[in-house]
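Just below is one structure, and these are the notes that go with it.
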Amino acid sequence: MMNYKVGLVGTGVIAPAHLKGWQRTHGGTVVGVFDLNRDMAQQRASQFHIPTVYDSLEQLIADCDVVDVCTPPQSHAAIAQQVLAAGRHLVIEKPLVTNAADWEEMALLAQEKQLSITVVHNLKVARCVEQAKKWVDEGRIGRIIRIRREFLTSPTADRMLVGNNHWSHTLPGGRWFETLPHELYLTHYFAGPLQVADVQALHTANAPEGAPADEVLITLKGDTCLATVHFSANCHQNRRAFTLQGTEGIIQVDLLSDFATLSRYQDGRGRRPLGGYKAAETAGAGLAWLPNRLGYAWWQLRGETPHTRIMAAVDRYLRGEDEPLTPLAEVDYVVRLCEQVGREIDRQLVEESGTASRFAQSPHP
Ligand SMILES: NC(=O)c1ccc[n+]([C@@H]2O[C@H](COP(=O)([O-])OP(=O)(O)OC[C@H]3O[C@@H](n4cnc5c(N)ncnc54)[C@H](O)[C@@H]3O)[C@@H](O)[C@H]2O)c1
């Protein structure tokens with residue numbers, strides 16, 4: 001498909017990132033938007049010079065070749081079903097679904113109708129993650145033995161933790177389910193499919209309503225690699241980072257500042273008086289700072305983001321120039337582990353603290 005029409009459903013916070021991405025593609029033109037909140041759709045249409053604000057999802061689907069879904073995850077399964085049944089390609093935000101059975105139906109339908117499903121696993125194409133992947137593929141840190149992911153935030157820094165009304169609070173396990181796909185596809189990208197070995201969920205007196213488990217530690221285990229994910233709703237540092245520890249080196253990635261550093265420092269008694277690995281890594285990060293920040297500024301100037309890169313990759317795929325960006329095995333892995341972890345957080349909350357996310361309190365957990 002060299003030229004194709006795109007319709008976007010859900011015109012909230014993330015929609016502009018998608019619309020900017022489509023504007024830069026070779027073959028895609030956004031012909032219309034639809035949102036249950038018509039004022040919101042109208043506002044986005046004016047902002048991005050989009051000709052049509054649709055009155056219904058059916059009308060949008062009928063007019064488009066590709067439907068891009070940016071609504072909350074609870075609505076994804078029903079919308080995706082309609083899109084695929086009508087024979088349209090699907091681009092859709094993570095979390096794809098709230099339960100794996102919906103994904104299975106979706107995957108079958110797509111296969112039957114020979115349609116593509118691209119789930120927006122955008123951090124894979126973040127500049128700092130691409131840099132980390134390049135170092136790993138070049139063998140710079142040896143074999144990965146440990147991944148440590150930290151999502152340490154608080155309601156002052158995380159819009160989804162504010163108040164008690166955000167849709168992420170009604171996901172399995174609460175707000176963390178919204179970000180968990182990122183943690184899982186990144187782990188999968190670097191270490192392949194790991195199993196859930198352990199989930200520990202704490203409910204403290206400080207827990208905000210959207211994250212009744214305000215401290216969560218997930219351990220994943222493979223044959224040669226261990227990974228942990230730490231979610232905190234109490235940390236005012238707002239750290240969103242991960243570390244790849246290899247047998248020969250370490251890569252530290254700060255996703256917020258888009259900055260990755262590599263250290264291959266090896267211990268030696270003679271080096272310790274100089275400050276050992278702490279001093280070497282600080283000096284290494286200092287040397288990397290200027291070239292890295294120039295690269296960052298260049299991205300900003302060109303308006304490039306992980307989302308613009310996702311849309312460019314979808315464009316290449318639809319035009320027959322590239323492979324799909326999100327392999328179905330990765331989507332399957334993420335969906336299944338999200339469900340497992342989300343429900344385990346709720347199980348522990350109920351059993352140990354007598355509380356639960358609003359998802360578990362609803363009639364169909
Ligand atoms: N990939 C990322 O980095 C990233 C970042 C933020 C959000 N997201 C994901 O994007 C999705 C949307 O998040 P957001 O923050 O933009 O949400 P949002 O609440 O800001 O916007 C959602 C919009 O969808 C509309 N909507 C809800 N149900 C609908 C339906 N059935 N049909 C049509 N419109 C409907 C709402 O009226 C609202 O305007 C979520 O899945 C979220 O997890 C991804």
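One-based numbering, in listed order, for ligands and for the atoms of each.
Atom 35 (C) of ligand 1 has its closest protein heavy atom at Thr71 CG2, 3.5 Å. Scanning all protein heavy atoms for the shortest distance to atom 21 (O) of ligand 1 gives Gly12 CA, 3.3 Å. If you check which protein heavy atom lies closest to atom 3 (O) of ligand 1, you get Asn122 ND2, 3.1 Å. The nearest heavy-atom contact from the protein to atom 12 (C) of ligand 1 is Cys70 O, 3.2 Å. Protein heavy atom at the shortest distance from atom 43 (O) of ligand 1 is Glu178 OE2, 2.5 Å. For atom 27 (C) of ligand 1, the nearest protein heavy atom (residue, atom name, distance) is Pro72 CD, 3.4 Å. The protein non-hydrogen atom at the shortest distance from atom 18 (P) of ligand 1 is Trp167 NE1, 3.8 Å.
Taking the ring centre of Tyr265 as origin, the terminal cationic atom of Arg271 falls inside the region bounded by 6.0 Å and 45° from the ring axis. Relative to the six-membered ring of Phe259, Arg293 meets both conditions, a distance below 6.0 Å and an angle of at most 45° to the axis. With Phe151 as the aromatic partner, Arg240 meets the cation-pi criteria of under 6.0 angstrom to the ring centre and within 45 degrees of the ring axis.
Salt-bridge annotation for Glu178 and Lys94: present, with a side-chain N of the basic residue lying under 4.0 Å from a carboxylate O of the acidic one.
The parts of Lys94 lying near ligand 1 are both backbone and side chain, judged by heavy-atom distances below 4.0 Å. In Ser75, the part holding a heavy atom less than 4.0 Å from any atom of ligand 1 is the side chain. At a 4.0 Å heavy-atom cut-off, ligand 1 touches Ile14 through backbone and side chain alike.
Proximity of Pro95 to ligand 1 is established by a heavy-atom distance of less than 4.0 Å.
A donor-acceptor contact closer than 3.5 angstrom is absent between the side chains of Gln340 and Glu344. In this model, no donor atom of one side chain and acceptor atom of the other lie less than 3.5 Å apart for Glu215 and His203. Residues Thr153 and Asp158 bring no donor and acceptor atom of their side chains to less than 3.5 Å of each other. Under 3.5 Å, the side chains of Glu183 and Thr187 contain no donor-acceptor pair of N or O atoms. Judged by distance alone, the side chains of Gln252 and Thr243 never bring a donor and an acceptor atom under 3.5 Å apart.
For ligand 1 and His76, the ligand atoms under 4.0 Å from any heavy atom of the residue are 41 (O). The ligand atoms of ligand 1 that sit less than 4.0 angstrom from a heavy atom of Gly10 are 24 (O). Atom numbering of ligand 1 starts at 1 in the shown order; those under 4.0 Å from a heavy atom of His307 are 1 (N), 2 (C), 3 (O).
Note on ring orientation: taking the six-membered ring where Trp is involved, the planes of His182 and Tyr185 are perpendicular (angle over 60°, cut-offs 30° and 60°).
Counting heavy atoms of neighbouring residues, nucleotides and ligands inside a 6.0 Å radius, atom OH of Tyr333 exceeds 12 of them.
Of the listed options Val9, Asp35, Leu36, Leu123, Leu36 places a heavy atom closest to atom 30 (C) of ligand 1. Here the shortest heavy-atom distance to atom 6 (C) of ligand 1, taken over Glu93, Arg159, His18, belongs to Arg159.
When only interatomic distances are considered, the shortest N/O to N/O separation between Val13 and ligand 1 falls below 3.5 Å.
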